[in-house]
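Heads up, the thing below is written out as structure tokens.
Worth saying up front: this structure is predicted, and the values here are computed from it rather than measured. Protein chains get the first letters and strands the later ones, always in sequence-line order, with residue 1 at the start of each.
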There are 2 protein chains.
Amino acid sequence: MATRTRRSQRRTEALSRERIVEAAVELLDTAGESGLTFRALTERLATGPGAIYWHVANKDELLGAATDAVIAAAVTVGTVAGTVGAATGTVGAATEGSRPATGEPGTTEPPASPQDDIRGVALGLFDAIARHPWLATQLAAQLSRSPWGTVTPRIFESIGRRVRALDVPESSWFTVTSALVHYILGAAGQNAANNASARSLPPGVDRDRFIDTVSRAWGELDPDEYPFTRAVADQMRGHDDREQFLAGVDLVLAGITATHHHGQE
Amino acid sequence: MATRTRRSQRRTEALSRERIVEAAVELLDTAGESGLTFRALTERLATGPGAIYWHVANKDELLGAATDAVIAAAVTVGTVAGTVGAATGTVGAATEGSRPATGEPGTTEPPASPQDDIRGVALGLFDAIARHPWLATQLAAQLSRSPWGTVTPRIFESIGRRVRALDVPESSWFTVTSALVHYILGAAGQNAANNASARSLPPGVDRDRFIDTVSRAWGELDPDEYPFTRAVADQMRGHDDREQFLAGVDLVLAGITATHHHGQE
DNA sequence: TTCCAGGTTGGAATGTCGTTCCAGAGTGTC
DNA sequence: GACACTCTGGAACGACATTCCAACCTGGAA
């Protein structure tokens, strides 16, 4: 241990897997998925590729580690409290206003219902993906490339426990939890992609103007071919992302209660 | 026009945007997302990069065109009949057995309910994504990068019309349709990614063995940290992808009826 | 028939990427 | 003081998307 202290004096900060992953997350957050290159990493860490490859097998593993780190933090925060706090992150992007979720911060709430718990975890993931848009793609890849890794079980467990608490019959646990996770990741991923493209495309144009453009484009579609899309063009103009996401969660929750009906409704 | 006929005699088949997109889809289907390179394209089409770039601006546009072509076909087929036929495609991958969907092929069904219609369209998209796993990523990118393009409105319109037929109040059209589309794309994307990784990882190992491996890994997790995931490890072993996907759709549909309750239930 | 303009082609060249290789520096042990 | 080990970073490689350009083909004008 004493030797370690010596060791770390060689450089102001010794290179380590954690420091690399940390730098990778920062690069991903600031420069997007394409911003994470080994060249940029070596510059940021003032080192060479060989040094990085000593700690990390390849880019895929690095992406996996970055995903794992962020998700672990998000799910942990989400498990402890009502998760709303997870929205106030370092980057502070995209999500604001209207938090109809669990409760005010600071006050200890009455024991939350499983439904509220699920909303909380879902919002935690939603916010994490909103803050780190690259998570969407990565999560989808990770959930399938290695379902034996730590990411999948973490998310699945977090949602699944609350599903069990909903009195869903055991035979439906897997199906119901899968549906919830799929909706959450699908919707959150879509939202993240939206934010990313709204941020990138025309510089200086904010989300409102972006949505406005889309709404206008939808409103000018062929009335014969796209009557419905034209009709909802206005609705999308005023919508709040988090609210709409939660409405979707509630829809699934309502479906669960309706399908596996039990006592209180 | 007569001149056009002459023109195409120059080569056995003249290079055209359609032929390029077609070749791109084939490459994507057989070799995966990373299989689509301009090198492979030039070989397959027996030409050079310059020729391709004459018809297509860049790789992104090519991916967009490929996505558009496949989705257009899928949604169209899905609109006409019960969509189950869409599963028997050229590649014939991934989806097999147990098709608990709308009806037998050939017989003209009694007028389907909006619910059945939605199941049909959803299955059409599910099968399309299962046959073309690269669609999942591409769709997510496309839905957000250019919601003014043809892809988004096509899907949205297809689902939205049926939502309207469900007597959902107009104020909720956008929210409900979004939730459905998000679930469908999320679940289908997950499934596609699963199939892709099951196909690639250990050659000669089929889906069943893949799922078996995951199930076993989940069964061996820490009982304290992952009690739920351990509990459902067995359930995932026997599950059918399409069935589970449809169960999720039904969950959302049930949620819609429960939330916006009206006459028949 | 000859010639030309412009649409079309494919090969060569460019710059960036992930990754590998390797000579050597730093550190603890005999 | 020499050895073995972990760790470093610069140089080099092959693959990629993309650009450039000299040559090609084709329909119409001369």
* **Candidate nucleotides C:dG18, C:dT9, D:dT18, ranked by approach to the side chain of B:Leu15 - the nearest** => C:dT9
* Rounded off to whole Å, could you give me the CD1-to-P distance for the B:Ile52 and C:dG11 pair? => 12 Å
* Can A:Tyr226 and B:Phe156 be said to form a ring-ring contact (aromatic ring centres under 6.0 Å, His included), step by step? -> CA-CA 9 Å; A:Tyr226 299 99; B:Phe156 218 82; over 10 Å; no
* A:His55 side-chain N/O to D:dT6 phosphate OP1/OP2 under 4.0 Å -> no
* Would you say the side chain of A:Leu15 lies within less than 4.5 Å of the side chain of A:Trp54, judging by non-hydrogen atoms? -> no
* Structure fact -> Rounded to whole Å, NZ of B:Lys59 lies from C1' of D:dA17 at a distance of 8 Å
* **Rounded interatomic separation in angstrom, taking CD from B:Glu61 and C1' from D:dA17** => 14 Å
* Least distance between heavy atoms, A:Leu36 atom then A:Lys59 atom -> O-NZ, 2.9 Å
* Quick one: label B:Leu36 by what it contacts on the DNA or RNA (base, sugar-phosphate, nothing), any heavy atom closer than 4.0 Å. => sugar-phosphate
* Taking atom P of C:dC17 as reference, at what distance in whole Å does atom CG of A:Leu27 sit? -> 12 Å
* Please work out if B:Leu62 contacts a base, only the sugar-phosphate, or nothing of the nucleic acid, heavy-atom cut-off 4.0 Å. => nothing
* Flag the pair A:Arg44 and A:Glu22 as a salt bridge only when some basic side-chain nitrogen lies within less than 4.0 angstrom of an acidic carboxylate oxygen. => no
* Electrostatic pair B:Asp127-B:Arg131, nearest N-O below 4.0 angstrom -> no
* To the nearest angstrom, how far is A:Ile20 atom CD1 from D:dC7 atom C1'? -> 11 Å
* **Min side-chain heavy-atom separation A:Leu123-A:Arg242 under 4.5 Å** => yes
* Asked: Side chains of A:Ile71 and A:Leu125: closer than 4.5 Å at any heavy-atom pair?
  -> yes
Under 3.5 Å, which N/O atoms of the protein pair with N/O atoms of nucleotides 10-15 of chain D?
none

* Structure fact -> Whole-Å distance, B:Tyr53 OH to D:dC16 P, equals 12 Å
* Determine: side-chain N/O of A:Trp54 to OP1/OP2 of D:dC7, distance under 4.0 Å, yes or no. => yes
* **Interatomic distance where CG belongs to A:Asn58 and C1' belongs to C:dT20 [whole Å]** => 13 Å
* Asked: How many Å lie between CG on B:Leu41 and P on D:dT18, as a whole number?
  -> 12 Å
